[in-house]
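Chain letters run A, B, ... following the sequence lines, proteins first, then strands; residues in each count from 1. These numbers were taken from a predicted model, which means no experiment stands behind them.
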Number of protein chains: 2
Amino acid sequence: MDATDKAILLLLQKNGKITIKEIAERLNLTTTPIFERVKKLEREGFITSYKAIVDRKKVNLQLIIFCNVTLNLHQTDFLKKFEKDIQQFPEVVECYHVAGMFDYLIKIYAKNMEEYQQFLSNKLASLENISKVQSSFVMTEVKTLSHLPL
Amino acid sequence: MDATDKAILLLLQKNGKITIKEIAERLNLTTTPIFERVKKLEREGFITSYKAIVDRKKVNLQLIIFCNVTLNLHQTDFLKKFEKDIQQFPEVVECYHVAGMFDYLIKIYAKNMEEYQQFLSNKLASLENISKVQSSFVMTEVKTLSHLPL
DNA sequence: GATAAATAAAGAATATAATTCTTTATAAAT
DNA sequence: ATTTATAAAGAATTATATTCTTTATTTATC
């Protein structure tokens, strides 16, 4: 992991479709070393995957909600059960077990408020073991870095 | 946006490096229609970009912290100022203006606790207008969908 | 119901990029 | 100084993306 590898990661994080040729030009090298370095970064797990980023509004997911969840019971079995249940819901795009004021932080994408209400009433709230749910509705996405600060 | 487009988006979200040829095979079509549909999805903004996903632990970002921030003053100017300041910090990978118990939710990546403490003391807390900061430390990433639920 | 227009897909041909292989340079070690 | 290892260069090959032309399918109009 030298400076060249880091530069490659930065370029690929910004644009996963950048060609080996173009990386080579930018870093003043030929395609072979770049090709081999990229393959090594993939092989060694620095790059886990490549993904197309889809515009959520274009596919009608207008709402982002962060939900702080507090459980009643905190024995391992109950945590595992909750984590397994939450995985199933397609609305939940992220879920973190956190140490802090609440137990879990979950991020939800919904088409509209009705869909979110359905999720909350029929899905989340109907899990056993849920003690409290506190929702935060995203008004503006101030910063959304999809690349890591290397 | 028909069923084929949706299927293409699902495949590209999972694997941005999938070839036109392979998409074609999976959807029982030839490369031409797939190529043109992908270009259309890009042109019309459904696909905003392609990115390489980098393993944060591999690049030594061991901690994820969610930070709930409450401001003192909520006039437009003060909000804008805070939003501008928060953008500068490389540690902050996401920031949302939310309606709920707090004003802003920020997501932070840090190498270790010391780095986070430095960020909190020297950077975040030194912004004017900050009233309260409540940190939640991620213990486990239960679910991290990097693709939208289409 | 027949015809025309539009849309989508197929097939072939070309251009571009990825990948492999061989050679050369550079740096580190004995 | 000589060997060994590492990294990069250059050329050749393979695979994929891209373009162009043709064919099928659907939709609209008379």
* To do: Determine, stepwise, if the pair B:Y50 / A:Y50 fulfils ring-ring contact (aromatic ring centres under 6.0 Å, His included).
  => CA-CA 7 Å; B:Y50 294 86; A:Y50 294 86; 9.9 Å; no
* Asked: Where the side chain of A:T30 is defined as all heavy atoms beyond and including C-beta, which of C:dA10, C:dT19, D:dG10 is the nearest nucleotide?
  -> D:dG10
* **Euclidean distance, atom CZ of residue A:F35 to atom P of D:dT16 [Å, nearest integer]** => 13 Å
* **side-chain N/O B:R37 vs C:dA8 OP1/OP2, d < 4.0 Å** => no
* Once you round it to whole Å, what is the distance between P of D:dT19 and NZ of B:K39? -> 8 Å
* To do: Among B:Q88, B:Q87, B:K81, find the residue that satisfies the side-chain hydrogen bond (donor to acceptor under 3.5 Å, both in side chains) test when tested with B:D85.
  => B:K81
* Asked: More than 12 heavy atoms of other residues, nucleotides or ligands under 6.0 Å from NZ of B:K21: is that the case?
  -> no
* In whole angstrom, give the distance that lies between atom NZ of B:K40 and atom C1' of C:dT7. => 10 Å
* Asked: How close or far is atom P of C:dT7 from atom CG of B:L29, stated in whole angstroms?
  -> 18 Å
* Nucleotide C:dA18, atom C1' - distance to CD of A:E42 in whole Å -> 12 Å
* Euclidean distance, atom CD1 of residue B:I34 to atom P of C:dG11 [Å, nearest integer] -> 14 Å
* Asked: Is there a donor in the side chain of A:Q62 and an acceptor in the side chain of A:Y109, or the other way round, less than 3.5 Å apart?
  -> no
* Would B:Y96 and A:K107 count as having a side-chain donor-acceptor pair, cut-off 3.5 Å? -> yes
* **Protein-to-nucleotide contact annotation, 5' to 3' order, nucleotides 21-28 of chain C [B base; S sugar-phosphate only; - none; under 4.0 Å, heavy atom]** => B-------
* Regarding A:D103 and A:H74, is there a side-chain donor-to-acceptor distance under 3.5 Å anywhere? -> yes
* Asked: Taking the six-membered ring for Trp, are the ring centroids of B:F137 and B:F66 within less than 6.0 Å of each other?
  -> no
* To do: Rounded to the nearest angstrom, tell me the gap between atom CG in B:N28 and atom P in C:dA9.
  => 12 Å
* To do: Scan residues 15-26 of chain A against DNA chain C and write down, sorted by residue number, each residue with any heavy atom closer than 4.0 Å; if none is found, say none.
  => A:T19, A:I20, A:K21
* Between B:Y104 and B:E83, is any side-chain donor less than 3.5 angstrom from a side-chain acceptor? -> yes
* Salt bridge flag under 4.0 Å for residues B:K40 and B:E36 -> no
